[in-house]
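To start, the structure under review is shown below, and the notes come after it.
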Amino acid sequence: MNELPLEIPARECKIAIVAAEFNHFIVQQLVDGALDALQRNGVEDSNITLAWVPGAFELPLAADVLAAGREHDAVIALGAVIRGGTPHFDYVAGECSRGIAQVGLKHGLPAILEY
């Protein structure tokens, strides 16, 4: 087995987190968990950027703007889309997922979506 070494030590990684304000009570817990995981793995607080957007639908645009700046090694998008009795969930979650995937492909960096 060939293993590829991590080129950037965790303490030097620059991570952008984009979080949706909508369903804040859920998203804040996702943000807290992400920050905790990054810090436990050696990423320094000064290397983490946190940006809030109105809802999940805006996550890809904000992630794209942050990735385009080439200041971050990865972008993490966090939102909460709750399934109800209408197709709203399918539209928002589907477009959000597609948008975040495009950000990663367009900029050649990890673009992670959790909701």
Side-chain angles (χ1 to χ4, degrees):
M1 173 173 66
N2 294 321
E3 289 187 31
L4 298 175
L6 179 64
E7 293 180 23
I8 305 168
R11 69 182 175 279
E12 295 176 18
C13 283
K14 294 182 186 279
I15 308 295
I17 299 175
V18 183
E21 284 279 356
F22 202 80
N23 292 318
H24 186 81
F25 62 98
I26 296 170
V27 178
Q28 184 62 59
Q29 293 176 53
L30 294 172
V31 169
D32 292 344
L35 291 172
D36 179 60
L38 291 170
Q39 292 161 347
R40 280 187 292 111
N41 283 283
V43 179
E44 295 183 10
D45 286 342
S46 61
N47 288 341
I48 300 171
T49 300
L50 175 59
W52 290 92
V53 296
F57 205 73
E58 292 80 22
L59 289 171
L61 176 59
D64 186 61
V65 169
L66 288 165
R70 297 288 182 195
E71 295 176 19
H72 300 94
D73 300 302
V75 177
I76 301 170
L78 304 172
V81 184
I82 298 172
R83 184 181 298 278
T86 69
H88 177 263
F89 172 88
D90 298 315
Y91 296 132
V92 174
E95 290 304 315
C96 186
S97 297
R98 189 175 359 272
I100 294 298
Q102 288 176 347
V103 168
L105 293 171
K106 177 181 175 183
H107 299 287
L109 56 77
I112 302 144
L113 174 63
E114 289 296 325
Y115 55 66

Should [X] and [Y] count as side-chain neighbours, where that means a heavy-atom distance under 4.5 Å?
X: Tyr91; Y: Thr86; result: no
X: Leu35; Y: Ile17; result: yes
X: Leu61; Y: Val53; result: no
X: Asp90; Y: Arg83; result: yes
X: Glu58; Y: Val18; result: no

Practice task
Just say parallel, tilted or perpendicular for the rings of Phe89 and Tyr115, cut-offs at 30° and 60°.
Solution key: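 Because their plane-to-plane angle is over 60°, the rings of Phe89 and Tyr115 count as perpendicular.
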Exercise for the section: For side-chain contact (heavy atoms from CB on, under 4.5 Å), just list the numbers for Glu71 and Leu66, CA-CA rounded to whole Å, side-chain angles, deciding distance to a tenth of an Å, and then say yes or no. Expected result: CA-CA 8 Å; Glu71 295 176 19; Leu66 288 165; over 6 Å; no
Mind checking the [atom1]-[atom2] spacing from [X] to [Y]? Nearest 0.5 Å is all I need.
X: Lys14; Y: Arg70; atom1: NZ; atom2: CZ; value: 15.0 Å
X: Ile15; Y: Leu109; atom1: CD1; atom2: CG; value: 9.5 Å
X: Leu78; Y: Leu59; atom1: CG; atom2: CG; value: 8.0 Å
X: Leu50; Y: Ile76; atom1: CG; atom2: CD1; value: 10.5 Å
X: Ile48; Y: Gln39; atom1: CD1; atom2: CD; value: 5.0 Å
X: Arg40; Y: Leu38; atom1: CZ; atom2: CG; value: 9.5 Å

Practice task
Taking Asn41 for its side chain and Ala37 for its backbone only, find out whether a donor-acceptor pair lies under 3.5 Å.
Solution key: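 Yes.
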Which atom names give the shortest non-hydrogen contact between [X] and [Y], and what distance separates them?
X: Pro60; Y: Val103; result: O-CG2, 3.6 Å
X: Leu30; Y: Gly79; result: CD1-O, 3.6 Å
X: Cys13; Y: Asp73; result: CA-OD2, 3.3 Å
X: Cys96; Y: Ala56; result: SG-O, 3.3 Å

Handout entry: ILVMFWY cluster, Val43 and Ile112 together (side-chain gap under 4.5 Å)
Key =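 Cluster IDs for Val43 and Ile112 match.
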Practice task
Treating Ile, Leu, Val, Met, Phe, Trp and Tyr as nodes and any side-chain heavy-atom pair under 4.5 angstrom as an edge, say whether Val27 and Val92 lie in one connected cluster.
Solution key: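 As far as the 4.5 Å side-chain criterion goes, Val92 and Val27 are not connected within one cluster.
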Heavy-atom count check: over 12 atoms from other residues, nucleotides or ligands less than 6.0 Å from [X] [atom1]?
X: His88; atom1: NE2; result: no
X: Gln29; atom1: CD; result: no
X: Glu21; atom1: CD; result: yes

